[in-house]
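One is the number of the first residue; the rest follow in order along the sequence.
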Amino acid sequence: MPRKIRDLIADLEAAGFINRGGKGSHRNFVNGKVRCTISGKTGDDAKTYQERQVKDRIAEAGNTP
């Protein structure tokens with residue numbers, strides 16, 4: 001069963017990313033100079049590329065959830 005968008009958002013927030021808002025269903029998270037954009041409603045299933053992107057951005061920021 002795929003993870004939900006809300007799970008990816010929780011991972012980013014746990015790693016210290018701040019939600020800077022967005023337009024429509026997009027949310028922009030920043031942690032220093034590292035940025036990550038997540039699209040979709042919170043109850044939607046996360047796509048594989050979104051899960052990979054969140055994992056990579058957390059690693060790039062030097063934080064682990």
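- Among residues two or more places apart in sequence or in another chain, the side chain to side chain contact (heavy atoms under 4.5 Å, CB included) test is passed with Asp45 by Pro2, Lys4.
- The two residues Arg6 and Gly43 come nearest to each other via the heavy atoms NH2-CA, 3.4 Å.
- Applying the side-chain hydrogen bond (donor to acceptor under 3.5 Å, both in side chains) test to Arg3 and every residue at least two apart in sequence or in another chain returns Asp11.
- Distance check, rounded to the nearest 0.5 Å: NZ of Lys55 to CD of Glu60 gives 13.5 Å.
- Two residues are said to be in side-chain contact when any heavy atoms from C-beta on lie closer than 4.5 Å; Glu13 and Phe29 meet this criterion.
- Side-chain contact check for Ile5 versus Gln50: some heavy-atom pair is nearer than 4.5 Å.
- Tested against Phe17, the residues Ile58, Ile38, Val30 include a single side chain to side chain contact (heavy atoms under 4.5 Å, CB included) partner, Ile58.
- One finds the CG atom of Asp7 at 11.5 Å from the CG atom of Leu12 (value rounded to the nearest 0.5 Å).
- Applying the side chain to side chain donor-acceptor pair (under 3.5 Å) rule to pairs touching residues 14-27 yields nothing, sequence neighbours excluded.
- The shortest side-chain heavy-atom distance between Ile18 and Asn31 does not fall under the 4.5 Å cut-off.
- For Asn28, the side-chain hydrogen bond (donor to acceptor under 3.5 Å, both in side chains) partners are Thr37, not counting sequence neighbours.
- Rounded to the nearest 0.5 Å, atoms CG (Asp56) and OH (Tyr49) are 14.0 Å apart.
- Closest heavy-atom contact between Ala61 and Val34: CA-CG2, 4.0 Å.
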